[in-house]
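Worksheet: one structure, shown below.
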Amino acid sequence: MERFVVAGGARLAGEVQVTGAKNSVLKLMAASLLAEGTTRLTAVPAIYDVPVMASLLETLGCSVGQEPGAVEVTVPAEPGCEAGYDLVRRIRGSIAVLGPLVARCGRAKVALPGGDAIGSRPLDMHIAGLLKLGATVEVEHGYVVATAPRLTGASVWLDFPSVGATENLLMAAVLARGTTTIDNAAREPEIVDLCTMLGQMGAQIGGVGTSTLVVDGVDALRPTAHETVADRIVAGTWAIGAVMTRGDVRVDGGRAEHLEVPLDKLVAAGAQVDVDATGFRVRMEGRPRAVDLVTLPYPGFPTDLQPMFLALDAIAEGTAMATENVFESRWMYVDELRRLGADVRTDVKHAVVRGRERLSGAPVRAHDIRAGAGLVLAALVADGTTELSDAQHIDRGYQGFVESLVRLGADVRRETVPDDTY
Ligand code: EPZ
């Protein structure tokens with residue numbers, strides 16, 4: 001088990017690099033299944049989930065070359081079509097092989113990833129969409145089994161602009177016979193990134209970046225080379241850290257246009273944000289002001305920055321209300337924030353935070369990637385030392401988190417300790 005030991009009282013200052021997005025690269029790796037041959041991805045983050053996805057693709061008959069910052073996936077003429085529980089349960093993103101395998105092989109058997117710390121995370125919209133495209137879909141023995149000699153274009157409406165369902169149905173539709181319309185589709189930059197790569201592979205997709213995607217199916221796609229879009233959640237984490245620690249951080253490679261709402265909220269909290277051609281800089285003097293937030297699908301406030309922003313409100317001047325609209329149980333980490341002395345009350349959808357002048361260091365635990373990052377930011381501004389256990393969650397989404405914090409002037413160290421969970 002990984003543990004981070006964080007000394008409070010840090011001021012983050014300097015420059016930090018942002019590389020490709022976890023929530024894009026995993027889907028781009030899955031999309032490579034759509035074409036025989038070698039697809040090369042660059043700006044690939046050194047995070048835990050990438051080699052796990054690579055292992056999953058290898059179980060499907062691919063060979064995957066990994067080098068710093070890049071991955072090459074070589075897909076055979078006939079990939080396997082069964083994605084086993086052992087790998088799928090480790091990273092939910094692996095459900096993204098469902099669409100490509102049905103489209104490419106006419107059959108897919110993918111383990112159900114199950115729920116996690118932030119919600120039950122059903123797949124009903126993925127399944128309903130595949131049924132619309134003419135697949136037969138069974139859920140049996142913990143697996144989704146979808147078959148279709150060839151999918152047929154159709155109109156699909158999503159009850160909620162689900163990122164995962166949009167991606168799976170997009171990747172299913174690109175090789176279907178005829179035209180598919182996905183209405184109320186997700187519009188996240190990671191979806192645009194996937195559409196861009198699929199377009200390079202020969203796919204015909206209209207309405208990219210809008211909530212209506214129109215896909216004219218083609219008979220075959222070709223491999224390609226693609227650079228992964230920058231990770232806006234990592235970039236946002238550094239921006240919030242700069243404000244909480246009254247610091248001055250330039251986020252090199254961060255795309256401010258993908259973070260409009262969060263950066264606006266930091267300005268409302270009192271920060272100065274300067275955008276340049278290759279990144280942005282965030283500076284803060286004095287104590288931040290409390291700011292309300294409402295999580296929504298893109299371009300709304302991203303749910304993945306909610307724990308970090310709540311940590312900011314916990315030390316801000318005033319009282320804030322946060323509303324979580326995307327996941328039904330994304331407050332689990334709040335008990336840990338309270339251990340650091342935060343004054344937070346929650347109900348199902350809302351959290352009310354009364355900002356405190358000071359937090360105090362304590363032993364806390366990370367329940368998931370973003371909760372972990374939020375607790376580290378809170379620990380940076382707490383009196384004394386905080387020990388964050390289960391910090392390996394953070395490694396799933398952040399490349400070199402500890403090293404970057406130290407480079408920005410924080411006193412943080414990593415310890416590998418025997419797992420104490422019983
Ligand atoms: C992706 O999850 C991201 N994960 C999440 O990031 C992110 O929080 C989420 O999108 C929203 O932006 C990856 O890309 C690997 P959804 P995903 O389908 O695709 C419900 C992180 O920390 N829903 O948009 O699973 C669902 O339960 C992670 O990096 C259904 O009800 O998200 C949720 O409440 C956490 N039925 C909501 O929709 C479905 O069939 C949004 O889920 C599908 C989804």
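The figures here come from the full heavy-atom set of this structure, side chains too, leaving out hydrogens, waters and symmetry mates. Note that the structure is a prediction, hence the values are computed from the model and not measured. All residue numbers refer to positions in the sequence shown, counting from 1. First listed ligand is number 1; within each ligand, the first listed atom is number 1.
The one candidate from Val16, Ile394, Val251, Leu305 that meets the side-chain contact (heavy atoms from CB on, under 4.5 Å) condition with Thr237 is Leu305. Of the candidates Val88, Val144, Ile95, Leu112 forms a side-chain contact (heavy atoms from CB on, under 4.5 Å) with just one, namely Val144.
A salt bridge (charged side-chain N to carboxylate O under 4.0 Å, His left out) check over residues 22-48, counting only residues at least two apart or in different chains, returns the pairs Lys27-Glu167, Arg40-Glu67, Arg40-Glu72.
For the pair Asp395 and Arg414, the salt-bridge criterion is met [side-chain N within less than 4.0 Å of a carboxylate O].
Taking the salt bridge (Lys or Arg N to Asp or Glu O under 4.0 Å) definition, one finds that Glu387 meets it with Arg3, sequence neighbours left out. Judged as a ring-ring contact (aromatic ring centres under 6.0 Å, His included), and not counting sequence neighbours, Trp331 has no contacts.
Listed by chain and residue number, the protein contacts of ligand 1 are Lys22, Asn23, Lys27, Gly93, Ile118, Arg121, Pro122, Leu123, Asp124, Met125, His126, Phe160, Ser162, Val163, Gly164, Thr303, Asp304, Val326, Phe327, Arg330, Arg370 (heavy atom within 4.0 angstrom).
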